[in-house]
Amino acid sequence: MKISLVTTNRGKFAEIGAMIREKGYEVEHIPVAYPEMQAESLEMVVLQGLEWLMEKYNRPLLVDDSGLFVDCLGGFPGVYSAYVYHTIGCDGILSLMQGIQNREAHFACCLGFIEPSKEAHLFIGTSNGTISTKKIGDEGFGFDPIFVPVGYDNTFAELPMDVKNNISHRGAAFKKFFEYLKTEHQE
Ligand code: ITT
């Protein structure tokens with residue numbers, strides 16, 4: 001089966017493409033922005049996006065809506081992560097957190113998958129960690145240089161992609177997605 005991944009984010013495509021190929025599926029990149037409604041949850045964004053995309057593309061489609069949720073900022077930037085990343089970026093988050101002791105945060109990823117004439121399915125993954133006091137590392141994308149996953153002394157941006165995929169919110173969501181594919185598409 002060929003899975004078409006709809007994302008404008010190259011970092012996401014690199015991570016997801018690698019995981020899909022590793023499992024023996026083909027992957028196509030559709031670098032298109034789907035309308036992301038103003039919503040309180042990643043799930044709502046994904047479901048609405050899939051509906052819109054299926055009308056346009058009518059093939060097996062995968063989308064990933066994800067975000068960084070910082071405890072001391074009441075979960076901000078959360079569903080606004082892409083906007084916040086492109087405006088104030090990692091430096092802006094670090095400034096907002098200057099002098100704050102509680103640096104706990106998590107990433108969440110909501111994957112949505114739909115096939116023609118079938119219902120959409122969602123797969124959620126999270127990864128817990130802390131926000132560092134400065135940016136470190138060049139790997140990955142987005143907020144990776146300021147996120148230190150639990151159990152590590154390094155930021156996501158210091159870890160090779162296969163290590164990040166193994167412990168990340170996206171990797172956790174993918175494990176569930178592949179379990180689903182295995183049962184749905186037994187050959
Ligand atoms: P698409 O909607 O086109 O897929 P996007 O970048 O707009 O791309 P999101 O709306 O899901 O994607 O925004 C999520 C933002 O959260 C993303 O731009 C990153 O800044 C950040 N983010 C998500 N996952 C991340 C990860 O694994 N590492 C670092 N930052 C991440």
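Just so you know, ligand 1 is whichever comes first in the structure, and atom 1 is the first atom listed for that ligand.
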Original post:
Which atoms from ligand 1 have a heavy atom of Gly142 less than 4.0 Å away?
Top reply: 20 (O), 29 (C), 30 (N)
Original post:
Could an N or O of ligand 1 be found under 3.5 Å from any N or O of Phe143, whether backbone or side chain?
Top reply: yes
Original post:
Considering only heavy atoms, does Phe147 approach ligand 1 within less than 4.0 Å through its side chain, its backbone, both, or neither?
Top reply: neither
Original post:
With a cut-off of 4.0 Å, which atoms of ligand 1 are near a heavy atom of Ala82?
Top reply: 7 (O), 10 (O), 13 (O), 15 (C), 18 (O)
**OP:** Would you check if the distance from the ring center of Phe69 to the ring center of His106 is below 6.0 Å?
**Re:** yes
**OP:** Assign the ring pair Tyr85 / Phe143 to parallel, tilted or perpendicular, where the plane angle (0 to 90°) is split at 30° and 60°.
**Re:** perpendicular
Original post:
Considering distance alone, does some N or O of Tyr85 sit under 3.5 Å from an N or O of ligand 1?
Top reply: no
Original post:
Considering only the protein, which heavy-atom contact is closest to atom 14 (C) of ligand 1, and what is its distance?
Top reply: Ser66 O, 3.0 Å
Original post:
Are the charged groups of Lys182 and Glu179 less than 4.0 angstrom apart, N to O?
Top reply: yes
**OP:** Number the atoms of ligand 1 from 1 as they appear, then name those within less than 4.0 Å of a heavy atom of Asp64, with their elements.
**Re:** 4 (O), 11 (O)
Subject >> Closest approach of any protein heavy atom to atom 24 (N) of ligand 1, naming residue and atom >> reply: Arg170 NH2, 2.9 Å
**OP:** Answer with yes or no after comparing the ring centroid distance for Phe107 and Phe147 against a 6.0 Å cut-off, counting only values under it.
**Re:** yes
Original post:
Can an N or O of Lys164 be found at a distance shorter than 3.5 Å from an N or O of ligand 1?
Top reply: yes
**OP:** Taking all heavy atoms of Ser81 and all of Leu68, pick out the closest pair and write down the distance.
**Re:** OG-N, 2.9 Å
Subject >> Nearest-neighbour protein heavy atom for atom 17 (C) of ligand 1, which is reported as residue plus atom name and distance >> reply: Asn9 ND2, 3.9 Å
Subject >> Close N or O approach (Thr7, ligand 1; < 3.5 Å) >> reply: yes
Original post:
Numbering the atoms of ligand 1 from 1, which are under 4.0 Å from a heavy atom of Glu36?
Top reply: 2 (O), 10 (O)
Subject >> Parallel, tilted or perpendicular: rings of Phe177 and Phe174 (30°, 60°) >> reply: perpendicular
Original post:
Is atom CE of Met161 surrounded by more than 12 heavy atoms (other residues, nucleotides or ligands) closer than 6.0 Å?
Top reply: yes
**OP:** Do me a favour and list the nearest non-hydrogen protein atom to atom 28 (N) of ligand 1 with residue, atom name and distance?
**Re:** Asp144 OD1, 2.6 Å
**OP:** Please identify which atoms of ligand 1 are closer than 4.0 Å to at least one heavy atom of Asp65.
**Re:** 9 (P), 10 (O), 11 (O)
**OP:** Determine, for Glu28 against Arg59, whether the closest basic-nitrogen to carboxylate-oxygen distance falls under 4.0 angstrom.
**Re:** yes
**OP:** Determine, using heavy atoms of Leu68 and all atoms of ligand 1, whether some pair is separated by less than 4.0 Å.
**Re:** no
Original post:
Is the backbone of Thr7 close enough, under 3.5 Å, to the side chain of His29 for a donor and an acceptor to pair up by distance?
Top reply: yes
Subject >> Glu115 versus His185, side-chain donor and acceptor atoms under 3.5 Å >> reply: yes
**OP:** Could you check which of Lys12, His169, Glu15 puts a non-hydrogen atom nearest to atom 5 (P) of ligand 1?
**Re:** Lys12
Original post:
Against heavy atoms of Ser81, which atoms of ligand 1 measure under 4.0 Å?
Top reply: 15 (C), 16 (O)
Original post:
Any salt bridge between Lys164 and Glu139, counting N to O under 4.0 Å?
Top reply: no
